[in-house]
Amino acid sequence: MSEAEILNWTALYAATGLTCLVAVLLSVTIITVQLWRERFWRDLGSVRAVMLFLPGTWWRWQKLYLTGTPVILAIVGLFAVSLEW
């Protein structure tokens, strides 16, 4: 591979990492706001509720994060097309 190709691949990986980081931060913020508005601590009265809280919250976060996947792919794809290979 030429030096230009190595730089382009490095730039693509950096762009992907940056957009994924933005998606993580946004999804964590949204989940935090949702949980705060729902006052999740009121529903943690039993051991079963506490045990189900973490997997339920993880699932909600995964759904939010994965909805950003098409946007991440579009941004990185457009960036890749703009590079001179």
Side-chain angles (χ1 to χ4, degrees):
M1 285 184 10
S2 69
E3 185 178 343
E5 289 174 331
I6 292 172
L7 290 174
N8 285 345
W9 280 109
T10 304
L12 279 176
Y13 281 115
T16 304
L18 184 63
T19 54
C20 287
L21 178 65
V22 170
V24 166
L25 292 175
L26 288 173
S27 61
V28 166
T29 303
I30 291 171
I31 280 294
T32 304
V33 169
Q34 285 178 353
L35 289 173
W36 184 261
R37 286 184 180 170
E38 293 173 6
R39 299 176 195 237
F40 71 93
W41 57 88
R42 290 183 179 174
D43 297 332
L44 299 178
S46 67
V47 174
R48 182 175 188 270
V50 171
M51 290 180 65
L52 290 176
F53 172 73
L54 191 59
T57 303
W58 177 259
W59 176 245
R60 289 171 65 173
W61 177 77
Q62 283 291 316
K63 288 191 297 186
L64 277 176
Y65 178 73
L66 290 175
T67 57
T69 301
V71 177
I72 293 170
L73 290 174
I75 291 170
V76 173
L78 289 173
F79 179 66
V81 172
S82 73
L83 296 174
E84 291 189 24
W85 295 86

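Keep in mind it's a predicted model, so treat the numbers as computed, not measured. Excluded from the calculations below are hydrogen atoms, water molecules and symmetry mates; all remaining heavy atoms, backbone and side chain alike, are included.
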Show which side-chain atoms of residues 62-70 pair as donor or acceptor with protein atoms under 3.5 Å away, not counting sequence neighbours.
{"residue": "Thr67", "atom": "OG1", "partner": "Leu64", "partner atom": "O", "Å": "2.5"}
{"residue": "Thr69", "atom": "OG1", "partner": "Leu66", "partner atom": "O", "Å": "3.1"}

Under the ring pair (Phe, Tyr, Trp, His ring centres under 6.0 Å) test, residues paired with Trp59 that sit two or more places apart: none
Output all residues satisfying salt bridge (charged side-chain N to carboxylate O under 4.0 Å, His left out) with Glu38, sequence neighbours left out; order by chain, then residue number. Arg60
Sequence-distant partners of Arg37, side-chain contact (heavy atoms from CB on, under 4.5 Å), two or more places apart: Val33
How many angstroms lie between OG1 in Thr57 and CG in Leu52, if you round to the nearest 0.5 Å? 10.0 Å
Name each donor-acceptor pair under 3.5 Å that joins a side chain in residues 20-29 to protein atoms two or more places apart or in another chain, with its distance.
{"residue": "Ser27", "atom": "OG", "partner": "Ala23", "partner atom": "O", "Å": "3.0"}
{"residue": "Ser27", "atom": "OG", "partner": "Val24", "partner atom": "O", "Å": "3.0"}
{"residue": "Ser27", "atom": "OG", "partner": "Trp61", "partner atom": "NE1", "Å": "2.7"}
{"residue": "Thr29", "atom": "OG1", "partner": "Leu25", "partner atom": "O", "Å": "2.7"}

Find out if a path of hydrophobic residues (ILVMFWY) with successive side-chain heavy-atom gaps under 4.5 Å connects Ile31 to Trp36. yes
Report all side-chain donor-acceptor pairs from residues 7-18 shorter than 3.5 Å, counting only partners two or more places apart or in another chain.
{"residue": "Asn8", "atom": "ND2", "partner": "Ala4", "partner atom": "O", "Å": "3.4"}
{"residue": "Asn8", "atom": "ND2", "partner": "Glu84", "partner atom": "O", "Å": "3.0"}
{"residue": "Thr10", "atom": "OG1", "partner": "Ile6", "partner atom": "O", "Å": "2.8"}
{"residue": "Thr16", "atom": "OG1", "partner": "Leu12", "partner atom": "O", "Å": "2.8"}

Cluster question for you: counting only ILVMFWY and a side-chain heavy-atom cut-off of under 4.5 Å, with indirect links fine, are Met51 and Leu44 together? no
Are Trp41 and Leu35 grouped together when hydrophobic residues (ILVMFWY) are joined by side-chain heavy atoms under 4.5 angstrom apart? yes
